Number of protein chains: 6
Amino acid sequence: QDAGNEAWLPSLMTQTPQEGFDLAVTIARKAVTTTQPNTDALHALRPAYAHDPDSLIEVSGVVATYFATIAEANEYWWE
Amino acid sequence: QDAGNEAWLPSLMTQTPQEGFDLAVTIARKAVTTTQPNTDALHALRPAYAHDPDSLIEVSGVVATYFATIAEANEYWWE
Amino acid sequence: QDAGNEAWLPSLMTQTPQEGFDLAVTIARKAVTTTQPNTDALHALRPAYAHDPDSLIEVSGVVATYFATIAEANEYWWE
Amino acid sequence: QDAGNEAWLPSLMTQTPQEGFDLAVTIARKAVTTTQPNTDALHALRPAYAHDPDSLIEVSGVVATYFATIAEANEYWWE
Amino acid sequence: QDAGNEAWLPSLMTQTPQEGFDLAVTIARKAVTTTQPNTDALHALRPAYAHDPDSLIEVSGVVATYFATIAEANEYWWE
Amino acid sequence: QDAGNEAWLPSLMTQTPQEGFDLAVTIARKAVTTTQPNTDALHALRPAYAHDPDSLIEVSGVVATYFATIAEANEYWWE
């Protein structure tokens, strides 16, 4: 169940905080698909978590941890 | 389900810690709406999480992680 | 549901670690009241979380994250 | 429900990592008693969390966050 | 239940962020197998967590914390 | 319920990342035994958490937080 060999994370650098947020979402999802590569199985789960407030809150918390790393990597996009 | 193209996060810089806290709340919510873009579905969930102490505590924990990043980005608003 | 306009968080600076801890508790609670501004609704929840060990443990974890930020902001109150 | 006025956290400095760990446990508990000051109520909860593996794991996670702050405050007790 | 003596973590250094992510997944799993070394027991658990959205979200959050450490260790793979 | 007086954590320094990981596991467990010193009670809990995927995932998350602190203390074992 490795993250596969295709290069999906060449760098942590982004132009803007918003791109950094999008990258955090991407990595957060990759950690899920690395654990459960079967996308059909994942899609079957969507109704459950997409309508469960605690799941949605937890997703935000996970993105927050990746975002912290990306923000620090980009030195907070200081001009 | 990308965060959409409208520029909602141009910068992490804020004038005050309070604005930094508000920005943390904004990003925390954006991570939810990125996962569940259907605002009607989200509003339907509000009675559940807004009256569940564990959900409210978890929201605060998520905001705390974003706030940590924003505080560091703003060098803790040291004068 | 913004944190309202009254200036409740002018600074992260405190004289002592204990004041820093109190500020962490304040911010943690503010994130809850920002999500659920109805204080009556919140008070109605108190019996639930105040007598639930997991809720109390989670509150401590949330305060810990805010405290980490405040401690770093105050350079750990090094003399 | 403030942490009360008695000076319980004068400093984050400790002589050793072990004392730093003990301080982390102290602060973690203080955040609980700040939320639930009624010690009888807390003692009544002990059988629940002290025999619940998830609660015990979560307690350890909370201590870990406080310990991270104290370790950094003490510059990791580098000689 | 120690992590065993075979050298599985000689270094935190990786060539790319993607390898850093893979290492984070490796360490996250190692913490599980250190707690539950019985791989048959672990495989029996897979259907449960691999089809539970909250478990998958939590796995991502755990990987995020290890990834933060590895990213910092590799100075964010700055060129 | 203090962590007891025997010196179990003289230092955060380790020779390798793997020893750092082992130390993180040690401290994570110590926080549990500090809360629940009765080892018989703890052993009775093992079947529950050792066969519960969410508990095992959470253990890994707790170890991750201690590991982050130890890795930083050891400057990521940079040669």
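Residue numbers start from 1 in every chain, and the chains themselves are labelled A, B, ... in the order their sequence lines are given, proteins ahead of strands. What you see is a predicted model, and the numbers here were worked out from it, not measured in a lab.
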Point-to-point distance, once rounded to the nearest 0.5 Å, from [atom1] of [X] to [atom2] of [Y]:
| X | Y | atom1 | atom2 | answer |
| --- | --- | --- | --- | --- |
| D:E75 | F:E72 | CD | CD | 11.5 Å |
| F:L56 | D:I57 | CG | CD1 | 7.5 Å |
| F:L12 | D:Q18 | CG | CD | 11.0 Å |
| F:M13 | D:W77 | CE | CH2 | 9.5 Å |
| F:E58 | D:E58 | CD | CD | 5.5 Å |
| D:F67 | F:T69 | CZ | OG1 | 6.5 Å |

Please classify the contact between D:V59 and chain F as side chain, backbone, both or neither, with a heavy-atom cut-off of under 4.5 Å.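 Looking at D:V59, just its side chain touches chain F.
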Name the option with the most non-hydrogen atom pairs under 4.5 Å to chain F; the candidates are D:S60, D:G61, D:P53.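 Greatest number of close heavy-atom pairs with chain F: D:S60.
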Once side chain to side chain contact (heavy atoms under 4.5 Å, CB included) is applied, do any residues pair with D:A64, and if so which ones, sequence neighbours excluded?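 Once residues adjacent in sequence are excluded, the partners of D:A64 under the side chain to side chain contact (heavy atoms under 4.5 Å, CB included) criterion are F:T65, F:Y66.
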Could you report the tightest heavy-atom contact between F:A73 and D:Y76, atom names first, then the distance?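 What the structure gives for the nearest pair is CB-CD2, 3.3 Å.
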Considering non-hydrogen atoms only, spot the tightest contact between F:Q36 and D:A50 and give its length.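 What the structure gives for the nearest pair is NE2-O, 2.7 Å.
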Under a 4.5 Å heavy-atom cut-off, does chain D meet the side chain of F:I27, its backbone, both or neither?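 Both the backbone and the side chain of F:I27 come within 4.5 Å of chain D.
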D:D52: partners by side chain to side chain donor-acceptor pair (under 3.5 Å), with sequence neighbours left out: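 For D:D52 the side chain to side chain donor-acceptor pair (under 3.5 Å) partners, ignoring immediate neighbours, are D:S55.
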